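For reference, the structure discussed in these notes is given below.
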Amino acid sequence: MHHLIQKINEGKKKNPHVLALSIDINGAFDNIQHSSIANYLDNSHCPKNISTIFRNLLLNIKIILNSSEEPAITDQRMGCPQGFSSGPIL
């Protein structure tokens, strides 16, 4: 924890914007609402280009289940897809 606080303080000296999000809740990545993260980033002092990247990553995810008839397509609005490289960052 000391190392994390030290890194945050170093970052604040170099740039006024430092973002750290730590979630240690059982099932957090399975149940977190994407819109909640996007709204938090929009209301924070996070640079617009960074929040836009994460907003696009979170809000444009589709789940496609292929069947013998036709694919079933739905939006994924919560959880972290398996293999999603930005999952731990969020």
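Because the structure is a prediction, the values reported are computed rather than measured.
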Least distance between heavy atoms, Cys46 atom then Ser51 atom: SG-N, 4.0 Å
Ser44 side chain vs Leu41 backbone, donor-acceptor pair below 3.5 Å: yes
CD1 on Ile8 to NE2 on His3, rounded to 0.5 Å: 10.5 Å
